[in-house]
Peer 1: 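Handing you a structure now.
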Amino acid sequence: MTFRSPGRADSADTLTGGPRRRRPLRGGAPLPLLVPALIGLAFLTLPLVALLIRAPWRSMPDLLTSSEVWQALRLSLVCATAATAVSLVIGVPLAWLLARVDFPGRGVVRALVTLPLVLPPVVGGVALLMALGRNGVVGRWLDTWFGITLPFTTTGVVIAEAFVAMPFLVISVEGTLRAADPRYEEAAATLGASRFTAFRRVTLPLIAPGIAAGAVLAWARALGEFGATITFAGNFPGRTQTMPLAVYLALQNDPESAIALSLVLLAVSVAVLAGLRDRWMTAS
């Protein structure tokens with residue numbers, strides 16, 4: 001029989017690269033920790049339970065089949081998917097740059113990339129207006145040279161959602177890249193592959209789970225975006241009114257419709273968590 005010290009790592013798992021999970025502490029939780037933990041759990045779950053209790057289940061089919069709801073839902077799905085595609089195209093190379101290339105000011109660049117995570121979305125919308133508006137730093141040239149106007153358009157919705165959602169993708173992919181063994185890329189380089197070929201043929205398959213997880217998180221964040229969208233793109237039904245904006249508008253005139261729309265977004269959030277459970281949750 002072999003005895004292992006509970007404070008030391010399993011050397012066999014370390015050598016084989018197998019998963020190492022920490023076992024939960026045995027025994028009851030102390031009261032000073034248990035009480036605030038239960039209060040925190042109630043604080044986070046009670047509003048969701050209240051939403052389910054107050055939901056107009058009998059009239060739900062009629063509320064969710066109205067043309068306004070389907071317009072907002074379709075626009076939300078299309079714009080969130082487009083914003084995720086934009087994030088993938090420019091976010092994955094950005095994550096690779098932060099993870100694999102050592103350059104001056106990399107910490108500042110990483111801080112700027114993650115800034116939209118903590119920036120109030122309304123401030124992000126104002127910043128987009130100052131940059132891409134008709135009189136913005138770049139927007140005035142787009143309007144003068146190409147006749148392109150981005151604010152208060154469906155394209156503006158995609159830009160606003162990509163601005164707030166892309167950091168989730170970049171952080172996820174960068175973390176996956178840092179965890180991936182760079183020796184595979186070095187081996188490909190020694191066999192004559194260019195750096196881009198090594199990235200395309202070796203690195204991308206290695207980090208595919210991280211890219212998928214980041215894309216799902218970015219899609220969910222884009223689907224629920226409100227502040228930057230209403231500031232930069234407005235709230236025009238059929239053109240820029242997404243589901244969160246429709247919830248806000250319905251709450252003023254028809255609370256039951258607002259609850260029904262909120263349940264749709266809640267279901268999407270639960271589906272996202274269920275899809276990412278193997279990556280972000282640990283088994284007991």
Side-chain angles (χ1 to χ4, degrees), residues 51 55-90 116 120-136 138-140 142-143 146-166 168 215-272:
L51 187 65
W57 296 107
R58 292 184 178 179
S59 58
M60 188 76 71
D62 295 332
L63 293 173
L64 294 181
T65 53
S66 64
S67 60
E68 294 81 4
V69 171
W70 279 108
Q71 277 186 350
L73 180 59
R74 181 188 61 82
L75 186 65
S76 294
L77 295 175
V78 170
C79 290
T81 303
T84 304
V86 171
S87 300
L88 284 169
V89 171
I90 61 179
V122 175
V123 177
V126 173
L128 288 172
L129 277 176
M130 295 303 100
L132 302 176
R134 183 167 293 181
N135 295 320
V138 178
R140 68 176 65 182
L142 292 176
D143 187 24
F146 306 103
I148 297 176
T149 302
L150 296 177
F152 310 110
T153 63
T154 303
T155 304
V157 176
V158 175
I159 292 174
E161 291 180 352
F163 178 78
V164 299
M166 191 172 69
F168 289 89
V216 172
L217 288 174
W219 185 85
R221 179 64 184 89
L223 189 70
E225 168 52 30
F226 175 82
T229 302
I230 197 172
T231 306
F232 183 66
N235 186 15
F236 301 101
R239 190 171 66 181
T240 64
Q241 187 181 87
T242 57
M243 286 286 284
L245 274 62
V247 171
Y248 175 76
L249 186 64
L251 189 60
Q252 304 175 24
N253 305 316
D254 189 359
E256 288 191 349
S257 296
I259 294 175
L261 293 173
S262 299
L263 287 176
V264 174
L265 293 177
L266 177 61
V268 172
S269 301
V270 172
V272 169

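Reckoned from all heavy atoms, side chains included, excluding hydrogens, waters and symmetry mates. We number each residue from 1, following the sequence as shown.
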Peer 1: Quick one: pull up CG in Asn235 and CZ in Phe152 and give me the separation to the nearest 0.5 Å.
Peer 2: 11.0 Å
Peer 1: Closer than 3.5 angstrom, by distance alone: can the side chain of Thr240 be matched with the main-chain N or O of Gly234 as a donor-acceptor pair?
Peer 2: yes
Peer 1: How long is the straight-line distance from CG of Leu150 back to OG1 of Thr155, given to the nearest 0.5 Å?
Peer 2: 6.5 Å
Peer 1: Working to the nearest 0.5 angstrom, can you tell me the gap between Asp143 CG and Arg134 CZ?
Peer 2: 5.0 Å
Peer 1: When rounded to the nearest 0.5 angstrom, what is the spacing between CG in Leu266 and CG in Leu261?
Peer 2: 12.5 Å
Peer 1: Would the distance check show the side chain of Glu161 and the main-chain N or O of Ala80 forming a donor-acceptor pair, the cut-off being under 3.5 Å?
Peer 2: yes
Peer 1: I need the Cys79 SG to Arg74 CZ distance, nearest 0.5 Å.
Peer 2: 8.5 Å
Peer 1: Keeping Glu225 on the side-chain end and Gly227 on the backbone end, is there a donor-acceptor pair under 3.5 Å?
Peer 2: yes
Peer 1: Using a 3.5 Å distance criterion without hydrogens, assess whether the side chain of Arg140 forms a donor-acceptor pair with backbone atoms of Asn135.
Peer 2: yes
Peer 1: Measure the OG1-CZ distance between Thr84 and Phe168 for me, rounded to the nearest 0.5 Å.
Peer 2: 12.0 Å
Peer 1: Quick check against the 3.5 Å criterion: does Thr231 have a side-chain atom that pairs as donor or acceptor with the backbone of Ala228?
Peer 2: no
Peer 1: Are Phe163 and Thr229 packed together at the side-chain level, in the sense that at least one heavy-atom pair is separated by less than 4.5 angstrom?
Peer 2: no
Peer 1: I would like to know whether Val157 and Phe232 meet side chain to side chain contact (heavy atoms under 4.5 Å, CB included); could you show each step before the answer?
Peer 2: CA-CA 8 Å; Val157 176; Phe232 183 66; over 6 Å; no
Peer 1: Which pair of heavy atoms, one from Ala233 and one from Thr153, lies closest together, and at what distance?
Peer 2: CB-O, 3.9 Å
Peer 1: Would you call Pro56 and Ile259 a side-chain contact if the rule is heavy atoms closer than 4.5 Å?
Peer 2: yes
Peer 1: Counting distance only, does the side-chain N/O of Thr154 pair as donor-acceptor with the main-chain N or O of Arg239 below 3.5 Å?
Peer 2: yes
Peer 1: Tell me, yes or no, whether the heavy-atom count around Tyr248 atom OH, taken from other residues, nucleotides or ligands under 6.0 Å, exceeds 12.
Peer 2: no
Peer 1: Using side chain to side chain contact (heavy atoms under 4.5 Å, CB included), reason through Leu263 and Met60 one step at a time and then give a plain yes or no.
Peer 2: CA-CA 10 Å; Leu263 287 176; Met60 188 76 71; 3.3 Å; yes
Peer 1: Run Leu75 and Trp70 through side chain to side chain contact (heavy atoms under 4.5 Å, CB included) and show every step you take.
Peer 2: CA-CA 8 Å; Leu75 186 65; Trp70 279 108; over 6 Å; no
Peer 1: Closest approach of Ala258 and Ser262, non-hydrogen atoms and distance?
Peer 2: O-OG, 2.7 Å
Peer 1: Would you say that Met243 contacts Leu73 through its side chain, given a criterion of any heavy-atom pair below 4.5 Å between the two side chains?
Peer 2: yes
Peer 1: Between Leu265 and Pro244, is any pair of side-chain heavy atoms under 4.5 Å apart?
Peer 2: yes
Peer 1: For the residue pair Ala83 and Ala162, what are the closest heavy atoms and their distance?
Peer 2: CB-N, 3.7 Å
